[in-house]
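Here is how names work: the chains are called A, B, and so on, in the same order as the sequence lines, proteins then strands, and each is numbered from 1.
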There are 2 protein chains.
Amino acid sequence: MAPGSTRPTSRDVAQVAGVSQAAVSLVLGGKWRGRVSETTAERVREAARELGYRPNLAARNLRLGRTRTVLLVVPALTTEFFAGVYTGAARVAAEHGFGVVLYPSPEGVGPAKDPFHSAQAALDGVIASSMAPEALSAIRGDQLPLVMLDSDPRGSLGAATVNLDIADGLRQVAEHLLALGHRRFLHLAAGIPSWTFDTRARSLATHLAQAPGTSLGSTRAPISIEDALTATESALAAPGPRPTAIVCDDDLLAAGAYKAARRLGLRIPDDLSITGVDDLALATAIDPELTTVRLDAELFGERGMQALLAVLEGRTPAQDAIPVELVVRGSTAPPGP
Amino acid sequence: MAPGSTRPTSRDVAQVAGVSQAAVSLVLGGKWRGRVSETTAERVREAARELGYRPNLAARNLRLGRTRTVLLVVPALTTEFFAGVYTGAARVAAEHGFGVVLYPSPEGVGPAKDPFHSAQAALDGVIASSMAPEALSAIRGDQLPLVMLDSDPRGSLGAATVNLDIADGLRQVAEHLLALGHRRFLHLAAGIPSWTFDTRARSLATHLAQAPGTSLGSTRAPISIEDALTATESALAAPGPRPTAIVCDDDLLAAGAYKAARRLGLRIPDDLSITGVDDLALATAIDPELTTVRLDAELFGERGMQALLAVLEGRTPAQDAIPVELVVRGSTAPPGP
DNA sequence: CGGGGGAGGTTGTACGTATAACGTCGTCCG
DNA sequence: CGGACGACGTTATACGTACAACCTCCCCCG
């Protein structure tokens with residue numbers, strides 16, 4: 001390629017192949033059957049190859065009025081959970097000729113007033129997880145097709161929602177611990193107001209209350225091991241009989257609870273049973289391995305993308321909740337005497 | 001907004017404000033000083049607000065010939081390391097009016113022949129981490145400005161590189177363990193051919209060889225806890241004297257080594273010292289806490305973005321390596337008798 | 001009183017693509 | 001032998017924006 005040259009356009013390809021720009025567009029767009037002869041088509045393809053032609057996406061997007069690109073907004077990438085969601089969404093997207101752009105919703109990155117400053121890409125739609133209401137309404141104002149993940153079906157301004165059946169997950173936790181004989185519980189909750197965590201708290205309380213003589217305390221911490229450690233330590237230091245089981249909203253919180261237990265000289269599961277949610281790699285790295293609710297992140301992403309495709313095509317997306325599964329490991333056992 | 005209406009354009013805004021489309025572009029683009037009166041400008045802004053006008057990015061990108069968007073290619077999002085890289089890169093980018101699009105380099109997602117199928121966004125440049133050579137040359141062929149992270153400065157086809165001083169990190173590990181009195185070592189290496197892992201192996205071997213009477217075995221595993229567990233278990237089952245210290249390329253591998261040690265009844269650090277690299281949250285979640293090489297992921301991302309901005313502006317990016325720091329915790333101690 | 005110049009706009013155009021609408025042959029059939 | 005039709009293309013246009021170039025007052029100065 002000549003130095004100082006700019007990127008070749010379809011017109012350059014046309015000139016080299018000795019045809020019109022329109023012919024190039026037809027051939028490279030795959031719509032040339034019955035319009036351009038096979039020999040000419042091959043000459044065009046050869047010219048494109050020779051010049052290293054790549055279509056200008058900005059021009060294509062402008063012309064077509066769509067980008068076949070969607071945005072996936074996630075709250076954080078500090079665990080592998082949302083990596084799985086992305087993988088699932090990207091797979092389904094690719095099958096339909098779409099691309100997925102990932103946007104870790106910033107606390108500190110990007111101006112709050114414009115959630116898309118960091119995603120200048122022109123978009124066809126948005127899949128949003130754990131999104132603050134004001135950002136949500138900004139998107140709605142943009143008239144962008146929107147699917148919400150793990151969000152209140154009634155509070156989403158009419159946007160489609162795709163949810164994990166997390167209420168059933170905490171039902172399974174509650175019944176598992178009750179069956180083991182536990183009666184005094186502590187709920188280590190994520191200190192974030194959000195539909196999914198509210199639902200976890202409500203479901204846990206409801207199902208524990210179905211057994212007689214149960215007590216349920218509660219404390220909350222930001223989702224980090226250190227914060228969970230201090231929150232658990234002070235909760236366990238409170239007067240009165242100690243809980244025999246701690247139900248955590250998240251595996252990271254559970255890891256913090258492990259550290260608190262160690263620091264207080266409590267053995268798991270003999271003195272204290274602990275459960276989490278997510279089934280991260282971390283869950284089998286700690287000792288004993290963690291009993292936790294496994295979430296199928298990839299399926300979650302797939303369903304999110306399928307729902308968005310449905311919206312884009314004017315169909316009504318499926319609304320059934322995604323099942324979750326309790327994985328029993330070494331961190332839960334009958335309470336000591 | 002009327003039903004069935006399409007998105008408002010700058011022309012619509014112009015009509016409502018009673019001015020020409022050019023005036024709208026000037027006002028909203030902030031280049032109206034001395035060209036449009038303040039009263040008219042305010043009328044334009046008011047009209048834009050009223051219509052909910054958002055500029056069409058595809059059109060803007062086409063017109064300007066640039067997108068102010070760069071792609072960050074990462075190998076995986078299964079740990080928080082690359083989340084930190086993104087955060088740093090996005091912060092620097094935002095300061096310069098750029099956006100960053102994240103692309104988890106697929107194994108399974110997206111066709112290999114086009115690494116950008118999933119990132120249809122038009123791009124101004126690329127920051128790539130751990131990229132396969134063929135994908136690299138595809139980008140180079142596109143004439144896209146490119147910065148490579150943690151890549152061989154001599155093998156990057158002239159692309160700029162930004163590297164962690166990981167050789168120095170492994171030097172610190174070697175000297176720490178030698179000072180504690182260890183002489184028999186096992187290197188648990190990541191089973192991935194890549195500059196950063198090759199460098200780790202070479203640096204470790206070099207610095208251990210400086211003490212007399214040392215031995216260094218080696219085994220490799222994909223970066224996952226389970227794979228590390230099995231690899232370590234069979235390495236430790238080999239005949240001959242057991243190593244007293246295992247140096248792992250990564251904290252996840254170290255977590256697998258922990259499990260192997262537990263399974264074999266070896267106590268850490270009394271029977272076996274273990275070190276990692278990364279300083280993930282996992283490092284302080286396991287018991288005992290892991291001695292590891294802390295990498296400043298955010299700084300890494302910042303430096304990568306700064307280098308790319310330099311390339312985009314025709315400057316020569318800085319080339320100094322980013323320092324790393326050994327964090328000594330409970331997983332290393334003098335070898336038992 | 002002529003005209004230079006600045007304030008406050010407008011007109012026109014190009015970015016690169018996809019596609020609708022329109023030729024122009026040669027062939028084959030009635 | 002006329003014309004309809006298929007094969008093979010081409011011409012023209014629009015997408016929405018940014019900006020260069022131009023225009024038109026009106027004020028002010030020599």
Side-chain angles (χ1 to χ4, degrees), chain A residues 5-45 47-48 51-69 97 120-124 142-143, chain B residues 5-45 47-48 51-69 97 120-124 142-143:
Chain A
S5 72
T6 178
R7 237 172 102 187
T9 73
S10 60
R11 211 175 304 274
D12 297 328
V13 175
Q15 186 161 359
V16 168
V19 296
S20 72
Q21 179 268 331
V24 173
S25 181
L26 287 172
V27 171
L28 268 35
K31 320 202 158 174
W32 52 281
R33 277 148 288 229
R35 316 270 282 110
V36 177
S37 73
E38 177 53 39
T39 29
T40 310
E42 188 47 50
R43 216 166 64 238
V44 168
R45 283 189 284 260
L51 292 178
Y53 169 73
R54 315 232 64 188
N56 180 317
L57 294 175
R60 170 178 294 172
N61 291 341
L62 174 59
R63 171 67 228 238
L64 294 178
R66 63 181 154 78
T67 61
R68 291 194 170 281
T69 298
Q120 310 228 8
L123 303 171
D124 280 358
D142 275 4
Q143 306 274 331
Chain B
S5 72
T6 175
R7 239 174 99 185
T9 74
S10 58
R11 211 175 303 272
D12 297 328
V13 175
Q15 186 161 359
V16 169
V19 296
S20 72
Q21 180 268 332
V24 173
S25 179
L26 288 171
V27 171
L28 268 36
K31 320 204 159 175
W32 53 283
R33 275 148 289 229
R35 316 270 283 111
V36 177
S37 72
E38 176 54 40
T39 29
T40 309
E42 188 47 48
R43 217 167 63 239
V44 168
R45 283 189 285 260
L51 292 178
Y53 169 72
R54 312 233 67 188
N56 180 316
L57 293 174
R60 169 179 294 174
N61 291 341
L62 174 58
R63 171 67 228 239
L64 294 178
R66 65 183 153 75
T67 59
R68 290 197 170 281
T69 298
Q120 310 228 7
L123 302 171
D124 280 357
D142 275 4
Q143 306 274 332

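- Here C:dG8 presents its C1' atom at 19 Å from NZ of B:Lys31, a figure rounded to the nearest Å.
- Summarising the geometry, atom CG belonging to A:Leu57 is positioned 10.0 Å from atom OG1 belonging to A:Thr67; distances are rounded to the nearest 0.5 Å.
- Within the structure, every side-chain polar atom (N or O) of B:Ser37 is placed at least 4.0 Å from both OP1 and OP2 of C:dA7.
- Taking 4.0 angstrom as the limit, B:Ser25 places none of its side-chain polar atoms (N or O) nearer than this to OP1 or OP2 of D:dG16.
- To the nearest 0.5 angstrom, B:Arg54 atom CZ is 10.5 Å from B:Leu28 atom CG.
- Distances shorter than 4.0 Å separate some side-chain N or O of B:Ser10 from OP1 or OP2 on D:dT17.
- Every pair passing side-chain hydrogen bond (donor to acceptor under 3.5 Å, both in side chains) that includes a residue from residues 11-35 of chain B is listed here, sequence neighbours excluded: B:Ser10-B:Gln21.
- A:Arg66 meets the side chain to side chain contact (heavy atoms under 4.5 Å, CB included) test with A:Leu64, A:Arg68, A:Asp124; sequence neighbours excluded.
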For this session: Can you check each nucleotide of nucleotides 10-15 of chain C against protein heavy atoms at under 4.0 Å and return B for base, S for sugar-phosphate only, - for none, in 5' to 3' order?
Result: BB--BB
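- Considering only residues two or more places apart in sequence or on other chains, A:Thr9 meets the side-chain hydrogen bond (donor to acceptor under 3.5 Å, both in side chains) condition with none of them.
- Straight-line distance from the CH2 atom of B:Trp32 to the C1' atom of D:dA20: 21 Å, rounded to whole Å.
- With sequence neighbours excluded, the residues that form a side chain to side chain contact (heavy atoms under 4.5 Å, CB included) with B:Glu42 are B:Glu38, B:Arg45, B:Arg49.
- Residue A:Arg43 contributes atom CZ, which lies 13 Å from atom P of D:dC8 at whole-angstrom precision.
- One interatomic measurement links the two molecules: CZ of B:Arg33 to P of C:dG8, which rounds to 14 Å at whole-angstrom precision.
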